[in-house]
Amino acid sequence: MINKILVPVDGSEIALRAMKFAIEVAQKFNSEVIVLNVDIPYDLSRIKPPLRDKDGNEIASGQLTPLEEAEREAKRIGYDRISFKTYIDIDPAEKIVEAAEKADVDLIVMGNRGMGVLAGFFLGSVSTKVSQSAHCPVTIVK
């Protein structure tokens, strides 16, 4: 039985796809879904310039946060056994594994790639680290 599912999100399309998959599984088992974002401090690559109209006037302050995007998608799907959490940490994989253990989840569902190729080369894949360290099964969505 799958009672709790943890879904790490980072704002990427693949992370949202993983969340949708996790919700599909959760609906079959009436599971609780925990959507988690690990925000890396001083990560300047995630800062987006404000959106401007054709005259150069600012119309929006940039993009939604990963959790705001996930909440909007979950609301569209209509699943209500879902919660959203954010942590600040320099090692997302370590924090995901720690959060999974603390919440005693039965399954982690995550995307296979969220970061760029160059960052992935130097830092290693978060999904690989999580799958090697987690206490529970990890489903990696492509």
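Since we're looking at a predicted model, the values are computed, not measured. Sequential numbering from 1 along the given sequence is applied to the chain's residues.
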**Asked** Where do I2 and F29 come nearest, in terms of heavy atoms and distance?
**Response** O-CB, 3.6 Å
**Request:** Scan residues 75-84 for pairs that pass side chain to side chain donor-acceptor pair (under 3.5 Å), counting only residues two or more places apart or in two chains.
**Result:** E73-R76
**Request:** Supply the atom-to-atom distance S125 OG to N112 CG, rounded to the nearest 0.5 angstrom.
**Result:** 7.5 Å
**Item:** Contact summary for L16 and A70, nearest pair of heavy atoms
**Value:** CD2-CA, 3.9 Å
**Request:** Answer with yes or no whether the hydrophobic clustering places V126 together with M19; edges join I, L, V, M, F, W, Y residues whose side-chain heavy atoms lie under 4.5 Å apart.
**Result:** no
**Asked** Is the backbone of K4 close enough, under 3.5 Å, to the side chain of D106 for a donor and an acceptor to pair up by distance?
**Response** yes
**Fill in**
Of all heavy-atom pairs linking I14 and K142, the shortest is CD1-C, 2.9 Å
**Request:** Take I34 and V105 through the side chain to side chain contact (heavy atoms under 4.5 Å, CB included) test and state the conclusion after the steps.
**Result:** CA-CA 9 Å; I34 302 166; V105 301; 4.2 Å; yes
**Message:** Let me check something: do I82 and L67 share a hydrophobic cluster, defined by ILVMFWY side-chain heavy atoms less than 4.5 Å apart, either directly or through other members?
**Reply:** yes
**Asked** Side chains of L107 and P137: closer than 4.5 Å at any heavy-atom pair?
**Response** yes
**Asked** Does the side chain to side chain contact (heavy atoms under 4.5 Å, CB included) test come out yes or no for I96 and M110, once each step is laid out?
**Response** CA-CA 10 Å; I96 291 164; M110 62 190 304; 4.3 Å; yes
**Asked** side chain to side chain contact (heavy atoms under 4.5 Å, CB included) with S131: which residues, sequence neighbours excluded?
**Response** V138, I140
**Prompt:** Looking only at heavy atoms, which two atoms of V7 and A18 are closest? And how far apart?
**Reply:** CG1-C, 4.3 Å
**Full working for side chain to side chain contact (heavy atoms under 4.5 Å, CB included) between D39 and Y87** = CA-CA 6 Å; D39 195 12; Y87 292 101; over 6 Å; no
**Message:** If I compare all heavy atoms of G11 with all of P66, which pair ends up nearest, and what's the gap?
**Reply:** N-CB, 3.4 Å
**Message:** Is there a path of hydrophobic side-chain contacts, each under 4.5 Å between heavy atoms of I/L/V/M/F/W/Y residues, joining V38 to I5?
**Reply:** no
**Prompt:** Is the closest side-chain heavy-atom distance between F21 and T139 below 4.5 Å?
**Reply:** yes
**Request:** Return the minimal non-hydrogen interatomic distance between G111 and S127, and the atom names on each side.
**Result:** O-CB, 3.6 Å
**Request:** Output every pair passing salt bridge (charged side-chain N to carboxylate O under 4.0 Å, His left out) with a member in residues 84-94, not counting sequence neighbours, ordered by first then second residue.
**Result:** none
**Rounded distance (nearest 0.5 Å) linking atom CE of M1 with atom OG of S31** = 7.0 Å
**Message:** Donor-acceptor pair, distance only, cut-off 3.5 Å: does the side chain of N37 make one with the backbone of V9?
**Reply:** yes
**Prompt:** Is it the case that more than 12 heavy atoms not belonging to I77 sit under 6.0 Å from its CD1 atom?
**Reply:** yes
**Message:** For residues L36 and V109: do they belong to one hydrophobic cluster (side chain heavy atoms under 4.5 Å, members Ile, Leu, Val, Met, Phe, Trp, Tyr)?
**Reply:** no
**Message:** Is the shortest side-chain heavy-atom distance between V130 and T128 below 4.5 Å?
**Reply:** no
